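To start, the structure under review is shown below, and the notes come after it.
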Number of protein chains: 2
Amino acid sequence: MENLLLFIRSLTDFSDEAWIYLQPALRLQEYRKNEVLLKEGDICDKLFYIEKGYCKSYCMIEAEKKNIGFFFEDEIATDIQSFGCGHPSALNIVACEPLAVVIFDKKKLFEASSQHIEIERLGRNCIRQFASKQAEFANMAKLYKPQERLDFLESQFPEMGQRVPLTQLASFLGVARETLSRIRRRRTHY
Amino acid sequence: MENLLLFIRSLTDFSDEAWIYLQPALRLQEYRKNEVLLKEGDICDKLFYIEKGYCKSYCMIEAEKKNIGFFFEDEIATDIQSFGCGHPSALNIVACEPLAVVIFDKKKLFEASSQHIEIERLGRNCIRQFASKQAEFANMAKLYKPQERLDFLESQFPEMGQRVPLTQLASFLGVARETLSRIRRRRTHY
DNA sequence: TTAATTATGTGACGATCGTCACAGGCTAAA
DNA sequence: TTTAGCCTGTGACGATCGTCACATAATTAA
């Protein structure tokens, strides 16, 4: 839990008292590789703070897995749309490696938020950080060609380029697996 | 301001008392068409609630305008990255029509947030809504081909298809103007 | 109103990407 | 070690997209 507290304090002022009030909303959980954190159709009422390992979100479009996002150590993973609005999720979240997370329970988190304004403020800052990242990815797709997208990703989010297998990364970048393979070849030959 | 209060109350419980505490952070502002709300390089310390008209955000990539987002009535426009982190903005926001907005001043908003937890909660909900929309656009680019993107946009955000000129919409969808024109032609001929 | 500017439609053509097919390499289980 | 399954690299080829060019329509300014 020490990592989580450091993460929280990097986002916002957070007293020891607030940390105590927050405890009931938290629980440690481990997942094996390929284990499911969130299933399509379920309502996402959790935030997953990642201590170790990484996971991905994907959705099925015409019987094909499309990777939406990858989440690494010291990040929050969730389906922001389902979590926020309370409707069923359109996507799945699965562990890509053995995974250790701290789960924030939505209901208990909201109760804790009412008891301590620093927790409410933490929620805002978590979502803000999440939104910033979403915005970057949204812009990446709009602004750049496939090759430039890979450049951008490797410079801004080096973990993705290094830890995510090519086939999965391709679907995240919105290109065919073969195209990404050829982009890599072109670059290593210079 | 009545529209704004309704908007707020659609997002979160909000007492008359909180509304009074919020007032110092708000001010009405009008812009002419093409007038600038936020300039690249400036730090974004405002949220713009749109009462009438619409605006867009764009950035310059190699001397070319790339449209990032469009914001219509009853939405919040801002640069979430600059507003959240306090660093200079990489994008511009300009009015696309005569525009009437309510400006939230960041500093005063944060002061009001400390005074009333409902205002803090409002902030969280505003950002959450903003994040959801960002996520949808990010996914749109990854999941769909250009033609499907237009279908998606017209079904989920019909105002964009109707009010935004083709050339600008094309850059938002990440395709050439000519391509979007041809997609439209193909569809109207069925 | 006219003139200037900007937005849109369209054809031609080259560049890029997606799809299909198959080969080789890596990993994990028998 | 062997086998099976998955991931990656690569060639061929058709589909789609971007770019350039120019014509026409719509909007704005004079």
Side-chain angles (χ1 to χ4, degrees), chain A residues 32-35 53-54 56 58 60-67 70 94-98 140-154 160-190, chain B residues 31-35 53-56 58 60-67 70 92 94-99 140-154 160-190:
Chain A
R32 291 185 301 278
K33 185 175 175 178
N34 294 324
E35 208 172 343
Y54 78 98
K56 66 169 178 177
Y58 68 90
M60 303 302 294
I61 303 272
E62 295 164 21
E64 218 178 333
K65 274 192 192 180
K66 301 274 192 173
N67 296 114
F70 294 93
V94 298
C96 298
E97 290 179 355
M140 180 179 71
K142 276 181 255 183
L143 298 178
Y144 303 125
K145 297 194 240 288
Q147 174 149 2
E148 295 167 332
R149 273 179 241 168
L150 184 61
D151 295 339
F152 174 83
L153 204 73
E154 291 187 340
M160 288 215 193
Q162 287 158 16
R163 295 171 73 179
V164 176
L166 177 143
T167 303
Q168 295 180 37
L169 196 62
S171 116
F172 177 76
L173 289 170
V175 298
R177 166 185 84 70
E178 295 89 339
T179 301
L180 184 54
S181 172
R182 282 163 188 140
I183 289 172
R184 276 197 177 162
R185 174 171 46 150
R186 259 180 279 165
R187 294 204 315 179
T188 55
H189 286 354
Y190 285 106
Chain B
Y31 296 93
R32 290 183 304 277
K33 184 174 175 177
N34 294 324
E35 207 172 344
Y54 78 99
C55 60
K56 67 170 178 177
Y58 68 89
M60 302 302 292
I61 304 271
E62 294 163 22
E64 217 178 333
K65 274 191 192 181
K66 301 273 190 173
N67 296 115
F70 295 93
N92 305 275
V94 298
C96 298
E97 291 178 354
L99 194 67
M140 179 178 72
K142 277 181 253 185
L143 298 178
Y144 304 125
K145 297 193 239 286
Q147 174 150 2
E148 296 167 331
R149 272 179 241 168
L150 184 62
D151 295 340
F152 174 84
L153 204 74
E154 291 186 342
M160 288 214 194
Q162 288 160 15
R163 295 171 73 178
V164 177
L166 177 141
T167 303
Q168 295 180 36
L169 196 61
S171 116
F172 177 75
L173 288 171
V175 299
R177 156 186 97 66
E178 295 90 338
T179 301
L180 184 55
S181 173
R182 280 161 189 143
I183 289 172
R184 276 197 177 160
R185 172 171 48 148
R186 259 179 279 164
R187 294 205 315 182
T188 54
H189 286 353
Y190 285 105

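Just so it is clear: chains get the letters A, B, ... in the order the sequence lines come, proteins before strands, and each one is counted from 1. On a predicted model such as this, the values are computed, not experimentally measured, just so you know.
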Inset, instruction - Quickly work out the A/Glu97 CD to C/dT27 C1' distance and round it to whole Å. - result: 15 Å
Inset, instruction - Select from A/Val164 and A/Lys145 the residue whose nearest nucleotide in DNA chain D is closer to the 5' end of that strand. - result: A/Val164
Legend entry - Phosphate contact (D/dT28 OP1 or OP2) by B/Lys33 side-chain N/O below 4.0 Å: yes
Inset, instruction - Please determine if a side-chain N or O atom of A/Thr167 lies less than 4.0 Å away from the OP1 or OP2 oxygen of D/dC7. - result: no
Legend entry - Under-4.0 Å side-chain N/O to phosphate OP1/OP2 contact, B/Arg185 with C/dT10: yes
Legend entry - Nearest-Å distance for atom pair CD/C1', residues A/Glu178 and C/dA23: 14 Å
Inset, instruction - Rounded off to whole Å, could you give me the CD-to-P distance for the B/Glu64 and D/dT19 pair? - result: 7 Å
Inset, instruction - Look at the side chain of B/Gln147 against the base of D/dC17 and say whether a donor-acceptor pair falls under 3.5 Å; ignore hydrogens and angles. - result: no
Legend entry - From CZ (B/Arg149) to CG (B/Asp151), nearest 0.5 Å: 11.5 Å
Inset, instruction - Would you mind reading off the distance between B/Leu180 atom CG and C/dG9 atom P, rounded to a whole angstrom? - result: 9 Å
Inset, instruction - Can you figure out which of D/dT8, C/dT19, D/dG18 approaches the side chain of A/Leu166 most closely? - result: D/dT8
Inset, instruction - Measure from the side-chain heavy atoms of B/Pro146 and tell me the nearest of D/dC7, D/dC17, D/dG9. - result: D/dC17
Inset, instruction - Tell me whether the OP1 or OP2 atom of D/dG9 has a side-chain N or O from A/Ser181 closer than 4.0 Å. - result: yes
Inset, instruction - Please round to the nearest 0.5 Å and tell me the distance separating atom CG of B/Leu150 and atom CD1 of B/Ile183. - result: 6.5 Å
Legend entry - Rounded distance in Å - NZ (A/Lys65) to C1' (D/dC7): 14 Å
Inset, instruction - Nearest whole angstrom, please: distance from the P of C/dT6 to the CD of B/Gln168. - result: 13 Å
Legend entry - Base D/dG11 paired with A/Arg182 side chain (donor-acceptor, <3.5 Å): yes
Legend entry - Sidechain-backbone polar pair: B/Ser171 side chain, B/Asn67 backbone, donor-acceptor under 3.5 Å: yes
Inset, instruction - Specify the separation, in whole Å, of atom CD of B/Glu148 and atom C1' of D/dC17. - result: 15 Å
Inset, instruction - Check whether any side-chain heavy atom of A/Lys65 sits under 4.5 Å from a side-chain heavy atom of A/Met60, and report yes or no. - result: yes
Inset, instruction - Measure the distance from CG on B/Leu143 to C1' on C/dG18 and round it to the nearest whole Å. - result: 17 Å
Inset, instruction - Report yes or no: is there a donor-acceptor pair, N or O only, under 3.5 Å between the side chain of B/Arg177 and the base of C/dG9? - result: yes
Legend entry - D/dC17 phosphate, OP1 or OP2, under 4.0 Å from B/Arg186 side-chain N/O: yes
Legend entry - B/Cys55 backbone acceptor or donor facing B/Tyr31 side chain under 3.5 Å: no
